[in-house]
**Student:** 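So that we are looking at the same thing, I have put the structure below in structure tokens.
These numbers were taken from a predicted model, which means no experiment stands behind them.
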Amino acid sequence: DVKVTQSSRYLVKRTGEKVFLECVQDMDHENMFWYRQDPGLGLRLIYFSYDVKMKEKGDIPEGYSVSREKKERFSLILESASTNQTSMYLCASSLEGGEKYNEQFFGPGTRLTVL
Amino acid sequence: AQSVTQPDIHITVSEGASLELRCNYSYGATPYLFWYVQSPGQGLQLLLKYFSGDTLVQGIKGFEAEFKRSQSSFNLRKPSVHWSDAAEYFCAVGNFNKFYFGSGTKLNVKP
């Protein structure tokens, strides 16, 4: 089974801190994604990566950056956390190559609170 | 513009009753459609997906969904709901690297 793990389930940070959210997948997937989930808004894509060191902006990249130095690991970085970044963050991964590989596998999520 | 609409924010059904969750989408190309379920404190789990072929697709946990191109809909159904089905359900549309999710429907199951 595909396993996507996220480094923390709950995180509390202060305004202005630099925050790192880590995601690791163990199935050699090419694609990795970071989403933000807020009540009533569903999931919104922040960034995705289709290969090591490759990244593309999603719908809401402002205030975030990402890093993918190894295929299995995709990090989301909040350079200077703000209270409006309090949210649930979900990481996902998927295989590359044709329609049958479109399925995304999700991690358990990190609930981040910025005070 | 690509979008997914789940018109019902909350739904309550009695255990054993049938269930239908609605999903409408707007998508410029051939849609790949998905339903995910999220239990409290958990990530999303794929229930079923439609890529092509038979428009009625079967998923896990006894769920099914029907793709209706003329109505731009992909409604999720279950003939008899169990208490363990209480969760939040998300419809999604997209392909390859770009997916759009609905805002979710929270299902409550009455004993």
Side-chain angles (χ1 to χ4, degrees), chain A residues 1-6 8-10 21 23-25 29-51 54-61 68 74 88-111, chain B residues 1-10 21-27 29-54 57 59-60 65 67 74 76 87-106:
Chain A
D1 280 351
V2 176
K3 194 167 183 182
V4 180
T5 57
Q6 295 183 229
S8 304
R9 294 298 301 273
Y10 299 93
L21 303 183
C23 175
V24 177
Q25 50 93 5
H29 284 177
E30 290 84 2
N31 301 324
M32 296 189 75
F33 307 79
W34 274 107
Y35 291 91
R36 172 176 170 159
Q37 183 182 11
D38 299 289
L41 297 178
L43 276 69
R44 294 178 291 167
L45 182 65
I46 304 172
Y47 270 96
F48 72 91
S49 167
Y50 51 91
D51 201 351
M54 306 303 288
K55 61 185 180 185
E56 285 200 24
K57 294 180 180 178
D59 298 315
I60 52 164
R68 192 160 179 208
F74 191 36
M88 170 73 92
Y89 291 88
L90 291 169
C91 175
S93 70
S94 70
L95 273 170
E96 181 66 38
E99 64 177 37
K100 67 179 289 187
Y101 299 107
N102 266 303
E103 177 181 347
Q104 293 189 324
F105 296 85
F106 284 84
T110 296
R111 186 166 293 282
Chain B
Q2 277 71 269
S3 66
V4 178
T5 301
Q6 294 180 245
D8 304 305
I9 299 173
H10 289 99
L21 302 183
R22 296 182 291 165
C23 173
N24 292 95
Y25 67 89
S26 172
Y27 196 72
T30 301
Y32 296 156
L33 296 154
F34 308 83
W35 274 100
Y36 287 87
V37 61
Q38 184 180 36
S39 298
Q42 303 297 315
L44 274 67
Q45 180 185 18
L46 182 70
L47 281 176
L48 48 78
K49 57 193 175 188
Y50 172 78
F51 292 154
S52 63
D54 192 347
V57 294
I60 63 171
F67 170 56
F74 188 56
L76 182 71
E88 189 160 20
Y89 293 79
F90 292 92
C91 180
V93 62
N95 60 37
F96 302 107
N97 295 331
K98 197 74 169 147
F99 297 85
Y100 299 88
F101 287 79
S103 55
T105 298
K106 283 190 177 173

**Student:** Using non-hydrogen atoms and a 4.5 Å limit, figure out which bit of A:Gln6 sits close to chain B: side chain, backbone, both or neither.
**Tutor:** neither
**Student:** Taking the six-membered ring for Trp, are B:Phe99 and B:Phe34 ring centroids under 6.0 Å apart?
**Tutor:** yes
**Student:** Of all of A:Arg44, A:Gln37, A:Met88, A:Glu56, which one pairs up most often with chain B through heavy atoms under 4.5 Å apart?
**Tutor:** A:Gln37
**Student:** Should B:Gln6 and B:Tyr25 be marked as a side chain to side chain donor-acceptor pair (under 3.5 Å) after you check the CA-CA gap, both sets of side-chain angles, and the distance that decides it?
**Tutor:** CA-CA 9 Å; B:Gln6 294 180 245; B:Tyr25 67 89; over 6 Å; no
**Student:** So what's closer than 4.5 Å to chain A heavy atoms on B:Leu44: side chain, backbone, both or neither?
**Tutor:** both
**Student:** Does A:Leu41 have more than 12 heavy atoms from other residues, nucleotides or ligands lying within 6.0 Å of its CG?
**Tutor:** yes
**Student:** So which part of A:Asp38 gets closer than 4.5 Å to some heavy atom of chain B, the side chain, the backbone, both or neither?
**Tutor:** neither
**Student:** Which atoms of B:Gln38 come close to chain A, meaning under 4.5 Å heavy atom to heavy atom: side chain ones, backbone ones, both, or neither?
**Tutor:** side chain
**Student:** For A:Phe106 together with A:Phe33, are the ring centres under 6.0 Å from each other?
**Tutor:** no
**Student:** Which atoms of A:Arg9 are under 4.5 Å from chain B, going by heavy atoms: the side chain, the backbone, both sets, or neither?
**Tutor:** side chain
**Student:** Using the ring of each side chain (for Trp, its six-membered ring), is B:Phe74 parallel, tilted or perpendicular to B:Tyr50, with breaks at 30° and 60°?
**Tutor:** tilted
